[in-house]
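Structure, as C-alpha cells:
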Amino acid sequence: MLTKYKSAWLFTGVLIFFIVVFLIGLMLTENLPIFDSLYMTIISILGIGYGDYVPNSNAGKIIAIILIPITLGLSSYLLTYVASILIEGNLSNKWERKKMNNQIDKMENHYIICGYERVGEQVLKEFQNHQYDIVVIDTDENKASRIPEEVPYIIMMLSKTTC
C-alpha cells in the first residue's frame with residue numbers, strides 16, 4: 001500500500017515539513033504561542049485568512065509570502081488526490097473486494113469454476129439455476145466485468161512456474 005500511494009505520502013511528508021517550518025517561523029518572528037501559530041498556519045495554508053491574525057514583522061511577512069503559496073499548492077494537490085481516489089471508486093472497490101472475500105471465507109460445500117470462458121459461463125448459469133454456492137477463479141482481470149455481480153470471484157495472477 002505504501003508504494004501504491006507513494007506520491008501522496010511524499011507530498012504529505014513535505015506538507016507537514018512546511019507546516020512545521022511555518023509554525024516555528026511564526027512563533028519566533030511574531031512571538032505567538034504555539035496554538036495561535038498553529039491556527040494562523042492552518043488558516044493561511046487553506047486560504048481562509050480570517051484576518052484576525054496578520055504577521056506584524058517584516059520577517060513574519062516574508063515567511064508568509066514564501067510559505068503560503070507552497071503549502072497552499074501542496075494541500076490543494078493532496079485534497080485533489082484524495083477526491084480522485086474517492087471519485088474513481090478505488091475505495092469502494094476495496095470495500096467491495098473485502099466484502100466478497102468475507103463471503104468466500106464463509107462458504108462451505110461450494111463449487112469452484114476455474115476459468116470463465118464460454119464453457120465456464122454456461123456452467124455458471126446452470127449452477128445458478130440450481131442455486132449452488134459458486135466461486136469463479138480466473139487469471140484474466142478483464143473477465144471480471146463479465147461475471148455477474150452477485151457471484152464472488154478471484155482473479156489469480158499466475159507465474160509461469162505455477163502453471
Side-chain angles (χ1 to χ4, degrees), residues 1-108 110 116 133-162:
M1 181 174 148
L2 186 61
T3 57
K4 186 174 182 181
Y5 301 111
K6 187 176 183 178
S7 63
W9 287 110
L10 177 67
F11 274 92
T12 302
V14 172
L15 180 62
I16 290 170
F17 169 77
F18 280 116
I19 287 172
V20 170
V21 169
F22 203 169
L23 178 81
I24 292 171
L26 289 174
M27 286 174 59
L28 296 176
T29 59
E30 300 299 316
N31 296 321
L32 293 173
I34 190 167
F35 185 77
D36 290 341
S37 294
L38 179 63
Y39 174 75
M40 186 172 174
T41 299
I42 298 302
I43 64 170
S44 297
I45 287 172
L46 295 178
I48 298 169
Y50 291 124
D52 48 354
Y53 286 111
V54 179
N56 295 322
S57 69
N58 285 338
K61 290 176 184 175
I62 290 171
I63 289 172
I65 288 170
I66 293 170
L67 291 177
I68 287 175
I70 293 170
T71 54
L72 184 60
L74 288 170
S75 61
S76 297
Y77 170 80
L78 282 173
L79 291 173
T80 304
Y81 187 79
V82 169
S84 73
I85 289 172
L86 295 174
I87 290 169
E88 290 173 5
N90 290 346
L91 208 50
S92 65
N93 288 344
K94 286 183 181 183
W95 287 331
E96 286 296 319
R97 187 76 237 164
K98 185 169 177 65
K99 181 180 167 185
M100 190 179 300
N101 286 342
N102 288 339
Q103 182 182 357
I104 292 170
D105 288 344
K106 292 176 185 174
M107 284 185 170
E108 292 182 9
H110 57 280
Y116 196 67
D133 287 334
I134 311 155
V135 175
V136 176
I137 298 177
D138 206 308
T139 57
D140 186 358
E141 198 168 328
N142 296 325
K143 293 177 187 168
S145 62
R146 291 185 19 236
I147 300 171
E149 278 187 34
E150 69 274 3
V151 177
Y153 63 89
I154 299 172
I155 301 297
M156 298 179 69
M157 299 300 162
L158 300 176
S159 67
K160 292 180 180 178
T161 58
T162 57

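Position 1 is the first residue of the sequence; numbering continues from there.
- Screening Ile68, Val54, Leu67 against Ser44 for a side-chain contact (heavy atoms from CB on, under 4.5 Å) leaves a single residue, Ile68.
- In this structure, Ile24 and Val20 have side chains that are in contact, with non-hydrogen atoms separated by less than 4.5 Å.
- Residue-environment remark: CD1 (Ile34) stays at or below the threshold of 12 foreign heavy atoms within 6.0 Å.
- Between Asn31 atom CG and Ser37 atom OG the span is 9.0 Å, to the nearest 0.5 Å.
- For the atom pair OG1 of Thr71 and CD1 of Ile16, the computed distance is 13.0 Å after rounding to the nearest 0.5 Å.
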query: Could you walk me through whether Leu74 and Ile70 pass the side-chain contact (heavy atoms from CB on, under 4.5 Å) check?
result: CA-CA 6 Å; Leu74 288 170; Ile70 293 170; 4.1 Å; yes
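- When every heavy atom of Leu32 is checked against every heavy atom of Met40, the shortest pair comes out as CD1-SD, 4.1 Å.
- With respect to Ser75, the side-chain contact (heavy atoms from CB on, under 4.5 Å) criterion is satisfied by exactly one of Ile19, Thr12, Ile45: Ile45.
- Between the CZ atom in Phe18 and the OG1 atom in Thr41 there is a gap of 13.5 Å [rounded to 0.5 Å].
- Atom CD1 in Ile63 sits 6.0 Å away from atom CG in Leu26 (nearest 0.5 Å).
- The two residues Pro55 and Ala64 have their closest heavy-atom pair at CG-CB, 4.1 Å.
- Distance CG/Asp36 to CG/Leu23: 10.5 Å, rounded to 0.5 Å.
- Taking each heavy atom of Val151 and Val136 in turn, the nearest pair found is CG1-CG2, 3.8 Å.
- The line from CE of Met107 to CD1 of Ile134 is 8.0 Å long, rounded to the nearest 0.5 Å.
- Considering every non-hydrogen atom in both Glu30 and Gly60, the closest pair reads OE2-CA, 3.3 Å.
- Distance alone, capped at 3.5 Å, is enough to place a donor-acceptor pair between the Asp138 side chain and the Tyr116 backbone.
- Considering all non-hydrogen atoms of both residues, Ser76 and Thr80 come closest at O-OG1, 2.7 Å.
- Nearest heavy atoms, Glu150 versus Gln103: O-NE2, 4.1 Å.
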